[in-house]
Each structure stands twice: as C-alpha cells, then as structure tokens.
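Below: one structure, written as structure tokens.
Residue numbers start from 1 in every chain, and the chains themselves are labelled A, B, ... in the order their sequence lines are given, proteins ahead of strands. Below, each value reflects all heavy atoms present in this structure, side chains not excepted, and no hydrogens, waters or symmetry copies.
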Amino acid sequence: MPARIITSDDEDDLMPPSRPSTVKRVKDEDDDDAPVVKKVKKESSTPKASPKVKKATTTTKVKKESTTNAKKAPVKKTTTTTIKKDPVKQQTVKKTTIKKETVGADGKIKKEETEEAEDVYKWWENDNQDDSIKWETLEHKGVMFPPEYEPLPKSVLMKYDGTPVVLPHAAEEVAGFFGAMLETDHAKNPTFQKNFFNDFKAVLKESGGAKDKDGNNVQIKAFSKCDFSDMYAHFEKMREEKKAMSAAEKKAIKAERDKIEEPFKVCLLNGRKEQVGNFRIEPPGLFRGRGAHPKTGKLKRRVMPEQITINIGKGVPVPEPPAGHKWGEVRHDNSVAWLAMWHENINNSIKYVLFAANSSLKGMSDYKKFEKARELKKHVATIRKDYEKELKSEAMFERQRATAMYLIDVLALRAGGEKGDDEADTVGCCSLRYEHITLSPPNIVEFDFLGKDSIRYHQEVEVSPQVFKNLRIFKKAPKKVGDDIFDRLDPSVLNKHLQNYMPGLTAKVFRTYNASKTMDDQLALIPNEGTVAEKLVKFNAANRAVAILCNHQKTVSKTHGESVGKIEDRINEVVWQKWRHKRMLLDLEPKLLKKEPKLFEDLDELSKEEKTACANRLLEKDSERWTKKFERDNEKLVAEKQKPKPKSELNAKLKDLADTNKQYLKEIKSNKVEGKGTVEKLRAQVEKLETRVTTMRMQLKDKEDNSSVALGTSKMNYIDPRLTVKFSKKYDVPIEKLFTKTLRDKFQWAIQSADEDWEF
DNA sequence: TATCCGACTTAGCAATTCCTAA
DNA sequence: TTAGGAATTGCTAAGTCGGATA
C-alpha cells in the first residue's frame with residue numbers, strides 16, 4: 001500500500017507544536033477543581049467494570065522512624081581481609097569476615113559473625129563489554145523438582161450431585177488444585193471454571209473415571225454438580241495446623257528444607273560461586289492467567305526431567321536426573337545465561353532457570369541497561385526535535401511514527417506488540433485501537449485501555465495541538481472500533497528507526513530514561529534538612545512520582561476499606577472531642593461566639609447521629625478494655641494463689657462508664673457541655689485537637705493515595721540505583737532505609753561505585 | 001515481509017517474615 | 001506476649017526485542 005499523503009484538508013487547523021515537557025495531565029471528572037499539573041502527576045480513576053479497585057495519586061505515607069533502631073546503633077566492627085587471586089580471571093577477590101557487636105533492644109550485646117562479601121567479584125571495576133559470551137566455565141547441580149503428589153485422606157472426597165466420589169490419584173490432584181482455590185476470585189471466574197473443568201474431565205478419562213462408594217462408575221458431566229468444599233475444608237485445616245506449630249517445630253522443618261535446597265542454590269560461574277535464582281521447577285497447578293485470559297484455569301502439568309534441557313559447562317559433571325529418569329537434553333551453550341529450560345504446556349512458551357538478581361551476569365546487564373538510558377540523554381534532544389517536526393510530515397507513516405514516539409516519550413507507554421486471540425486483550429502504544437482514545441477539543445485526549453498484566457491505564461491528557469490533530473486524523477472514518485490507531489506501525493519498525501539515533505536504542509529505553517530522569521529531577525528538589533524520617537518521606541514521594549508515570553499499580557487490599565473506616569471513626573472521635581471543648585468554651589464565655597465566629601464555624605461538623613455513634617463506640621471500647629483487664633488481673637491473682645477481685649468491682653466501673661455515656665448523650669441532645677477549667681486551658685486543648693485532626697487526616701490521605709500505587713517495581717527496574725545511593729550519601733540516609741536486603745544485594749555494584757557527586 | 005521462537009526483563013499477586021501496638 | 005497489619009521475599013505471568021524461519 002502506498003504511503004497515504006495527508007491533504008491540506010487535514011491541515012486546516014494546524015497549530016504550532018508545544019514542547020513535550022509542557023504536556024499536562026488533567027484530572028478525572030470526580031475532582032475537576034484540583035490543579036492541573038505537569039508531566040509527573042497523573043490520576044487514574046476507579047474503574048467501574050473492573051473487579052479490582054485501582055487508584056493512583058501523589059501524596060506520601062509517613063513512615064515513623066524506628067526508635068529501637070537508634071538504640072541498636074553503636075556497632076563495633078572488626079574486619080579481617082584475606083586477598084587471593086581468582087583462578088579464572090586473575091581478578092583480585094577478597095574474603096571478608098565481619099565481626100559485629102550490636103546492642104540489642106534489651107540492652108544486651110549480641111555478637112554476630114557474618115561472612116558477608118565472600119568472594120566478592122567486583123566486575124564493575126573491569127571493562128567487560130562482550131555480551132555474546134556469558135561464561136567460560138559453568139558448574140551446577142541441576143534443578144529441584146516439586147514433591148510427588150500425596151493423595152488426600154480417604155475421608156476427603158469430592159461430591160458429585162451430592163454423592164461422594166472416589167477419584168483416581170491423578171484426577172484427585174487436579175480436583176484438589178481447584179478445591180484449594182475455592183474461595184479465591186479465580187475459582188469464581190466462569191472462564192477459569194470452564195477451562196479447569198475441561199482439563200479435569202480429560203485427566204479423569206485418562207486415569208479411569210470416578211466411582212461411588214460401591215465401586216460403580218459415576219459420570220462427571222456438569223461443573224455445577226461438583227462440590228469441592230470438603231477438599232477446601234481439608235486444606236484449610238492443614239493450613240491451621242501448620243500455623244499452630246510451635247516455633248521449634250517450624251524451625252526444624254525449615255532447617256531440613258534448607259538442607260535439601262542447599263546444593264541447588266549456588267553454582268560455579270567461571271570458578272566463582274554465584275547464586276541461582278529459580279532453581280525449583282514450577283509445580284503443577286491451575287494456570288492463573290491475569291485479566292480476561294482465555295486460558296486461565298487450564299491445568300499446568302507436572303514437568304518431567306525428560307522435558308528439561310540442562311545447560312552446563314563442557315567437561316564438568318552433569319547433574320544426576322531423578323532416579324529412573326533422564327534429562328531431555330544436555331547442552332553446553334555459553335552464549336546464553338540459563339542453567340535449565342523447559343516448555344510449559346499452556347502457551348508453549350519457554351521457562352528458564354536463571355541466575356539470581358545478585359549474580360554478576362544479571363548485575364552487568366542491569367548496569368548496561370542504565371548506561372544505555374544515560375546514553376540516551378545525549379540524543380534525546382535531537383530525537384524530540386525530529387519527532388516534533390515529523391508530527392507534521394506529509395507521509396502518513398512518518399506522522400504516525402512521530403506521534404507514537406511522542407506518546408512513548410511523554411506518557412512512558414510501552415512499545416505494544418501484537419497479541420493473539422489466545423491471550424488477554426491488552427495493548428501498548430503501537431497496538432492502541434480506535435476505542436482506546438477519546439478526543440475532546442481543543443486538545444484533551446482520554447486514554448482508557450488495559451496494559452501489561454491487564455492493568456488499566458486511564459488518563460485524561462492535555463497533548464500538543466499537533467498530536468491532537470494527528471490522533472484525530474488516525475481515527476478518521478472509515479476507521480472504527482477495533483481498528484489500530486497506528487496502522488502503519490509496529491514496535492520493530494519503531495525500534496529500527498531509533499537505532500539510527502543510537503545503537504541499542506529501543507522504545508523500552510525511553511521508559512528507563514524518563515523514569516530515572518524524573519527521579520533525578522524530583523530528588524534535586526529535596527532540601528537537605530530535617531530528620532531521616534522526613535527525608536525518607538520525601539524520597540518516597542519522588543519514587544511515587546515515577547511509579548505514577550509508569551502506571552505501576554497494586555490491588556487495593558481486601559481489608560483496606562475496613563482499616564480506612566477505623567481511621568475515619570477515630571478522626572470523628574477526635575472531632576467530637578473538639579466539639580465538646582468548644583462547647584465548654586461557650587459555656588464559660590458565651591460572648592466568644594460573636595467575638596470569634598471563625599473559631600466556632602465548624603461546630604456542626606458532625607451530625608447528632610455521628611456524635612452519638614462516637615460516644616457509644618467509646619463506651620463499648622472502654623467497657624471491653626476494663627472487662628479484659630479485670631479478667632487478666634484475676635487470672636494472675638488466682639495463679640499467685642491470691643483471692644480474685646469480686647465481680648462487683650468490675651460492675652461498678654462499668655456503671656461509671658455507662659453514666660459518663662449518658663452524660664455525653666445528654667450533651668449531644670442539648671447541644672450544651674458544662675464548662676470546666678479555664679478559657680485559656682480550653683483554648684490550648686482545642687488547638688491540640690485541631691492539629692491532631694489535621695495530622696490524622698493527612699495520614700489517612702497518604703494511606704488512600706498509596707493504597708493502589710506500587711513503588712517497588714520502579715525502584716527495582718527503572719530508577720538507576722546510583723541515584724538512590726547518591727541520595728543516601730548526600731542526605732545521610734542509611735542505605736538500609738532505601739533498599740531492602742535483596743535490593744542491596746542486587747545493586748551492590750551501584751552501592752560500591754556511586755557517591756554523592758554521581759550524576760545520572 | 002510477516003510470523004515465530006528464544007532469551008531475557010518487567011510485573012503484580014501470594015506467601016512469609018517482621019514489626020508494632022495493645 | 002501476641003495479634004494483626006506492613007514490609008519483604010518468592011513465584012511465575014506477561015511483556016520486549018532480536019534473530020531465525022517461512
């Protein structure tokens with residue numbers, strides 16, 4: 001098809017392009033009085049159709065600084081270092097033993113001796129550029145298989161149409177997979193049920209079919225007649241039992257497990273010990289596809305050694321397959337970084353056993369990824385200039401390419417490859433369809449689509465007039481629902497174009513670059529002052545700006561609404577106390593109402609019903625507390641062979657509480673509270689209560705804002721870790737507060753190589 | 001040129017562990 | 001001391017992208 005030429009008719013309302021950095025996001029209809037903000041700030045609304053409640057906003061959750069940590073602070077370290085030569089690379093490695101003395105919370109000195117940093121290979125101090133060869137020598141112990149299926153107790157049976165049925169072990173295992181998930185959303189999803197049931201029936205047929213207690217065949221025909229509740233109850237019971245085990249028992253089990261796993265955890269890469277990531281073969285189960293995945297619920301079959309390809313160095317012992325089995329294949333391919341692989345049966349995709357995140361190979365590729373993003377800094381101005389120009393190109397293809405570039409650069413959209421009918425319908429930039437964008441003149445674009453993992457991307461964005469105009473052209477009839485917006489474009493075309501600017505440049509680099517750049521800009525705004533806790537809050541706010549840019553979300557926890565409700569109750573209780581104090585003030589000095597009307601304008605903040613609820617909650621809570629205390633005290637007295645306190649003592653206290661409650665209810669009804677103390681004291685108390693309400697409301701907002709934003713993904717994959725290390729050093733915030741243990745291991749290279757002067 | 005496949009990164013949810021407040 | 005909620009880790013699904021294949 002020849003490139004479509006854009007006619008002058010299309011150009012009638014051409015306007016000068018605006019810089020991408022001036023693109024603004026606008027808010028959803030539910031809070032349209034909020035300020036319009038720049039690029040990093042965006043809102044996503046609660047989807048009505050989706051079962052998940054997702055929301056993204058921009059405030060910070062205040063994390064309280066731990067005081068016990070401060071007590072632990074004095075640490076005495078003794079470090080012994082032995083230097084030896086690495087046999088393969090002649091690289092100097094250090095074996096460091098760190099002896100630590102820490103003062104615990106109990107005031108006792110604890111001695112720990114950890115062999116941190118054993119055989120540290122500082123690959124980042126070498127210039128190791130070759131990517132095509134991943135290793136010289138590789139030794140490992142293979143993979144760990146999940147345990148064999150253990151049949152359920154004979155008493156635990158699935159019921160069909162009310163009759164308990166005996167299933168062959170293979171079928172019972174599959175039924176059990178479903179039974180264990182009975183109370184999850186998956187098990188309630190019709191597609192999941194249908195796929196599970198088809199595969200279950202197939203296994204049942206293969207393995208001999210279901211029988212009743214007399215050995216007669218039972219035809220399993222309808223899912224709706226299957227009852228897995230006994231199985232579910234059985235698994236619940238097992239879980240409870242496991243939970244109820246003593247700490248010693250749990251520890252013993254863990255120790256045994258660790259012992260079995262130990263050989264698989266590490267391997268020798270070029271003679272150095274490195275950690276293996278997922279050495280466990282995935283156990284069989286039901287495929288938990290995300291979103292509306294057509295295959296969700298299908299049986300993921302047990303992986304046999306015969307399906308597994310082992311990749312290992314030449315001339316080293318090949319790990320033994322389980323007794324009676326053979327490996328599918330043994331390879332010696334040093335151009336790849338996997339130790340084992342197999343094809344899974346759901347999508348026939350390949351699963352790999354790879355190195356752990358803290359390994360040198362993963363570290364190097366991470367390092368290269370961020371260096372590539374930094375390299376983009378040098379080219380981004382040219383690229384932007386070019387696509388701004390091409391937004392007005394006469395060639396349809398170029399215009400589409402430029403528009404897509406704009407969206408990838410400004411909104412941090414993913415490339416968006418084609419997907420098949422046997423996958424969930426999700427899109428990225430190049431695969432956006434007609435129905436995913438709505439245009440509102442003069443230049444507001446509403447994006448509403450499901451992205452990776454079926455996470456909803458819902459934004460109203462103010463784009464440059466030229467981009468708006470282009471999108472309108474790309475949506476022009478005969479285009480209709482279901483058609484691609486960028487019909488001339490796909491990621492490979494786009495990426496090929498990007499290679500012209502810089503080798504290795506692809507759409508995904510823009511996400512890394514813009515995420516790190518945003519973080520860098522946000523961190524630069526933080527003043528170097530305040531406590532560690534305050535600086536942490538600001539760091540997290542910067543992190544959140546990045547997470548929002550990348551649309552990283554998490555499902556709102558099931559208990560979120562409940563815990564918000566509890567906080568709201570507590571806020572109301574403080575507001576009610578504030579009301580009482582103000583009423584007392586008026587009781588002592590009625591003229592204040594006229595003199596300081598502002599002070600009393602919030603007197604009706606709570607309705608009578610709300611105040612009554614507060615008073616009653618207080619009564620309930622106090623009664624419960626006193627009753628519990630009474631019981632506990634008496635138990636103690638009995639244990640000490642003393643006479644317990646008489647019940648009348650408790651009853652007297654409960655009566656006191658009830659009387660106070662009556663008094664409160666009277667106050668609420670009459671709108672009058674008897675003044676006690678002095679006006680000055682009351683004023684001070686009111687002020688204190690005001691600040692408390694403000695703080696609590698702020699914390700609540702933080703909780704709400706954070707409830708659906710996932711900070712971890714950007715910290716782990718998009719923000720150059722050297723930015724975090726730089727922040728740590730410059731602002732004197734311990735790195736332990738910014739990176740978890742796992743991230744510190746993963747980003748060892750950054751921690752050791754960046755300082756406060758490092759620049760992204 | 002389109003499609004598929006292989007290799008690897010990115011991602012959210014589930015399970016486990018840790019911490020805090022009562 | 002313990003329960004419950006937050007933080008962290010583990011698991012594996014779902015992307016990107018380059019190169020092979022049809």
[Y]/[X] salt bridge by N-O under 4.0 Å criterion:
X: A:Arg331; Y: A:Glu329; result: yes
X: A:Glu344; Y: A:Lys300; result: no
X: A:Arg374; Y: A:Glu371; result: yes
X: A:Asp366; Y: A:Lys362; result: no
X: A:Asp483; Y: A:Arg433; result: no
X: A:Asp131; Y: A:Lys368; result: yes
X: A:Glu262; Y: A:Lys265; result: no

Expressed in angstrom and rounded to an integer, what is the separation of [X] atom [atom1] from [N] atom [atom2]?
X: A:Glu736; N: B:dC19; atom1: CD; atom2: P; value: 13 Å
X: A:Met716; N: C:dT12; atom1: CE; atom2: P; value: 16 Å
X: A:Asn514; N: B:dT10; atom1: CG; atom2: P; value: 15 Å
X: A:Leu743; N: C:dG10; atom1: CG; atom2: P; value: 12 Å
X: A:Glu261; N: C:dT9; atom1: CD; atom2: C1'; value: 13 Å
X: A:Lys715; N: C:dT8; atom1: NZ; atom2: C1'; value: 11 Å
X: A:Tyr352; N: C:dA13; atom1: OH; atom2: C1'; value: 15 Å
X: A:Lys554; N: B:dA14; atom1: NZ; atom2: C1'; value: 14 Å

Flag the pair A:Lys737 / A:Lys535 as yes when at least one side-chain heavy-atom distance between them is below 4.5 Å, and no otherwise.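 In short, these two side chains do not touch, never coming nearer than 4.5 Å.
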Can you tell if the side chain of A:Ile312 reaches within under 4.5 Å of the side chain of A:Val330, non-hydrogen atoms only?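 Touching, per the 4.5 Å side-chain cut-off.
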Report which part of the nucleic acid [X] touches: base, sugar-phosphate, or nothing (heavy-atom distance under 4.0 Å, all strands).
X: A:Ser365; answer: sugar-phosphate
X: A:Lys254; answer: sugar-phosphate
X: A:Lys134; answer: sugar-phosphate
X: A:Arg239; answer: nothing
X: A:Lys300; answer: sugar-phosphate

If you find the nucleotide of DNA chain B closest to A:Arg257 and the one closest to A:Asn717, which residue's nucleotide is nearer the 5' end?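 Whichever sits nearer the 5' end wins; that is A:Asn717.
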Quick one, which residues of residues 353-363 of chain A touch DNA chain B with a heavy atom under 4.0 Å?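 A:Leu354, A:Lys362, in order of number.
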Heavy-atom contacts under 4.0 Å between residues 334-346 of chain A and DNA chain B, which residues?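 Of all residues in residues 334-346 of chain A, the ones placing a heavy atom under 4.0 Å from DNA chain B are A:Val336, A:Ala337, A:Trp338, A:His343.
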According to the interplanar angle, ranging from 0 to 90°, do the rings of [X] and [Y] count as parallel (below 30°), tilted (30 to 60°) or perpendicular (above 60°)?
X: A:Tyr367; Y: A:Trp123; answer: perpendicular
X: A:Phe747; Y: A:Phe370; answer: perpendicular
X: A:Phe196; Y: A:Phe178; answer: parallel

Output the single nucleotide from B:dC8, B:dT10, C:dC11 whose closest atom is nearest the side chain of A:Arg280.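 For the A:Arg280 side chain, the nearest candidate turns out to be C:dC11.
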A:Tyr718, nearest nucleotide to its side chain (from B:dG6, C:dT12, B:dT10):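 Nearest to the side chain of A:Tyr718 among the choices is B:dT10.
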Taking for each residue the nucleotide of DNA chain C with the nearest heavy atom, is it A:Ile281 or A:Ser557 whose nucleotide lies nearer the 5' end?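 Result of the comparison: A:Ser557.
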Does A:Lys250 NZ have over 12 foreign heavy atoms under 6.0 Å away?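 Yes, enclosed.
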Any A:Lys351 side-chain nitrogen or oxygen under 4.0 Å from OP1 or OP2 of C:dA13: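 The answer is yes; a side-chain N or O of A:Lys351 sits under 4.0 Å from OP1 or OP2.
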Is A:Ser349 close enough to B:dG6 that one of its side-chain N or O atoms is under 4.0 Å from OP1 or OP2 there?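 Answer is no, no contact under 4.0 Å.
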How does protein reach along nucleotides 14-22 of chain C, written 5' to 3' as B (base within reach of a heavy atom under 4.0 Å), S (only sugar-phosphate), or - (no contact)? BSSSS----
